[in-house]
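Presented below is the structure to which this report refers.
The chain is numbered in sequence order, starting from 1. Since the structure is predicted, the reported quantities are computational estimates derived from the model, not experimental observations. What you see below is based on every heavy atom in this structure, not just the backbone, and it leaves out hydrogens, waters and symmetry mates.
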Amino acid sequence: MKIIIDQDKCVASGQCVMAADDVFDQREEDGVVVLLNDDPPPGRLADVRQAALVCPALAITVEA
């Protein structure tokens with residue numbers, strides 16, 4: 001799985017963190033998404049894909 005984040009698109013909604021908090025977080029200063037784990041376990045694939053789907057800015061892309 002490859003996770004791509006476009007931080008320039010991020011609107012800091014936090015939806016990705018709620019979907020997969022062990023993979024995504026937000027920067028303290030502006031809330032922009034950061035990737036915590038670029039190689040999450042296979043069992044987390046559905047949550048990572050859900051995070052990409054709920055992102056209102058479409059800032060996350062998941063390639064399997």
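Counted within 6.0 Å of CD on Glu28, heavy atoms from surrounding residues, nucleotides or ligands total 12 or fewer; the atom is thus considered open.
Taken to the nearest 0.5 Å, the SG atom of Cys10 stands 8.0 Å off from the CG atom of Asp30. From Ile5, atom CD1 reaches atom CD1 of Ile60 across 5.5 Å, with rounding to the nearest 0.5 Å. The distance from atom CD of Gln15 to atom CD of Gln50, rounded to the nearest 0.5 Å, is 9.5 Å. Rounding to the nearest 0.5 Å gives a distance of 5.0 Å between CD1 of Ile3 and CZ of Phe24.
Contact of the Val62 side chain with the Lys2 side chain is not registered, since no non-hydrogen atoms from C-beta on lie closer than 4.5 Å. Residues Pro56 and Val11 are in side-chain contact: their nearest non-hydrogen atoms beyond the backbone lie under 4.5 Å apart. Inter-residue side-chain proximity for Asp47 and Arg49 is flagged as unmet; no heavy-atom pair is nearer than 4.5 Å.
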Does Val48 form a side chain to side chain contact (heavy atoms under 4.5 Å, CB included) with Met1? I'd like the steps, not just the answer.
CA-CA 10 Å; Val48 172; Met1 171 185 343; 3.8 Å; yes
Side chain to side chain contact (heavy atoms under 4.5 Å, CB included) between Leu36 and Asp25, intermediate numbers included:
CA-CA 7 Å; Leu36 295 175; Asp25 199 1; 3.8 Å; yes
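Residue Val17 comes nearest to Gln26 through the heavy atom pair CG2-CG, 3.8 Å, listed as atom of the first residue, atom of the second, then distance. Of all non-hydrogen atoms in Lys9 and Ala57, the two that sit nearest each other are O-CB, 3.1 Å. For the pair Gly31 and Ala12, the tightest heavy-atom approach, listed with the atom from each and the gap, is O-CB, 3.3 Å. Contact between Asn37 and Asp39 at its shortest, heavy atoms only, is OD1-N, 2.9 Å.
Through ILVMFWY side-chain contacts below 4.5 Å, Met18 is grouped with nothing and stands alone.
A donor-acceptor pair is defined here as one N or O able to donate and one able to accept, closer than 3.5 Å; no such pair exists between the side chain of Gln7 and the backbone of Val32.
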